[in-house]
2 protein chains.
Amino acid sequence: MPRNREQNEQMRSQRTEQILAASLRLFAKRGLSATKISDIAAETGMSQGLIYHYYSSKEEIYTEIIKDAFRRLNEAVTILKNMNLPPEEKIKKAFDGLLINLEKSDDSARYHYLVAQASVSDAIPEEAKKTIKENRDYPYQVIEEIIREGQELGTIKKYDAKEMAVIFWTTIKGLAFHKAVLENRFKAPSADILMEMFI
Amino acid sequence: MPRNREQNEQMRSQRTEQILAASLRLFAKRGLSATKISDIAAETGMSQGLIYHYYSSKEEIYTEIIKDAFRRLNEAVTILKNMNLPPEEKIKKAFDGLLINLEKSDDSARYHYLVAQASVSDAIPEEAKKTIKENRDYPYQVIEEIIREGQELGTIKKYDAKEMAVIFWTTIKGLAFHKAVLENRFKAPSADILMEMFI
DNA sequence: GTCTATATCCAGATAGAC
DNA sequence: GTCTATCTGGATATAGAC
């Protein structure tokens, strides 16, 4: 019995999701070049040939994941930006949300860590580099802007806003790295400690 | 004219230092497996064969650098531990020292970042894994201990000491990563912002 | 869509001349 | 000590059967 179009599409998207999920784990753990197509095949239970049926190269998979990472991050950041909340509460909400995600979602931590890794490396595909270049500033800008608003209102401490935004994100990346090391033994710290720097 | 023993040793240590320095840059930037022996050769101006005259494999170079990183870090941490200073000043001094180093020394940032990377990866040499396992806890323990002392004296904020130690080091690692991205455009933030979490 | 078999390429490592 | 030439293994990617 031949499959219809929907079934085919569903099968395809299921396969690509399996590949992407396994690759995210592996890339985060070992980096692009130490991850072999055969690892991805083993992890998904597919044959090596089948991976190539869906993606034309390891690089293409990697680039796709980096794009996903920024899609998710940008979406979250935009929601934060548009929240109807005073600046200091936005910062608190951002930390809370990020820390909760870091603790409960392994993939969330992996995305942060993978982007961090990718941002440093020059041994990544050109298209991934381009994606990073186009997206890397946005989260910093949004946090910096929130901080400036809070400083004008007098509700956020008056250190250099750019430095504070850098600390905000490097703290998160540092914790994402820490979770990458500790895996499920990781327990997120209290957001209150981090908030001391801001309010 | 034949060289004497000292000259030979000097030449040898000069070569190995060149190799180690170039490899640190490359490994920090691209990771172990994306760094080729030919890259190291090109970076040092040596031939590929000459690299093998001094080290028997890429992994050996990598392991050596990881050991160096911990030698330096442990030394600094032990000095801090033995300083005759009240706990809260020790924390301040640690941040100051780390941030200054991060800003002025490219290698310092690279060591931190490389160890961070290596701690996550399982695609590193066994001996490097062992070195990491044996050394990773010490810096956290020392900071945690200092924090506990300060909390008993009432000079350090009373959040969970373990969490505070984690935040201390993840902040540093986060900033080391940030410098790895920005390279010489990196400017360290004020230690005062970070100190808000502790005093 | 999926698998197995295989071609191709390239990086790590060695050998041997100077 | 240093270089060039070369061997070898393993990983990417393709071909072709089912």
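Lettering of chains follows the sequences in order, A, B, ..., and the numbering in each one begins at 1. Scope of the values below: all heavy atoms of this structure, side chains included, with no hydrogens, waters or symmetry mates.
Note on ring orientation: taking the six-membered ring where Trp is involved, the planes of B/Trp169 and B/Tyr140 are tilted (angle from 30° to 60°). Between B/Phe168 and B/Phe198, the ring planes lie perpendicular to each other; the angle is over 60°, past the 30° to 60° tilted range.
Here D/dT12 presents its C1' atom at 13 Å from CG of A/Asp39, a figure rounded to the nearest Å. Atom CD in B/Gln48 sits roughly 14 Å away from atom C1' in D/dT2 (whole-Å rounding). Between B/Ile51 atom CD1 and D/dG1 atom P there is a gap of 14 Å when expressed in whole angstrom units. As a whole-Å value, the separation of A/Tyr55 OH from C/dG1 P is 13 Å. Atom OH of A/Tyr52 and atom P of D/dT12 are 6 Å apart (whole Å). In this structure, B/Ile37 places its CD1 atom 19 Å from P of D/dA5, rounding to the nearest Å. Rounded to whole Å, atom C1' of C/dA11 lies 8 Å from atom NZ of B/Lys58. What separates CZ of A/Arg15 from C1' of C/dT2 is a distance of 8 Å, to the nearest Å.
Aromatic pair B/Phe27/B/Tyr62: centroids less than 6.0 angstrom apart.
Of the candidates C/dG1, D/dA13, D/dC3, the closest approach to any side-chain atom of B/Ser47 belongs to D/dC3. Closest to the side chain of A/Ser57, from the set D/dA13, C/dC3, D/dC3, is D/dA13.
Here B/His53 reaches the OP1 or OP2 of D/dG1: one of its side-chain N or O atoms lies under 4.0 Å away.
Ion pairing of B/Arg110 with B/Asp107 is present here, as a side-chain N (NZ or NE/NH1/NH2) and a carboxylate O approach within less than 4.0 Å.
Residue B/Ser33 is out of contact with every strand shown, counting any heavy-atom pair closer than 4.0 Å. Residue contacts shown for A/Tyr54 are limited to sugar-phosphate atoms, with no base heavy atom under 4.0 Å away.
Note that CG of B/Leu98 and CG of B/Leu175 are 10.0 Å apart. Values are rounded to the nearest 0.5 Å.
In this structure, B/Gly49 and B/Arg12 both approach DNA chain D, and ranking their closest nucleotides by distance from the 5' end singles out B/Arg12.
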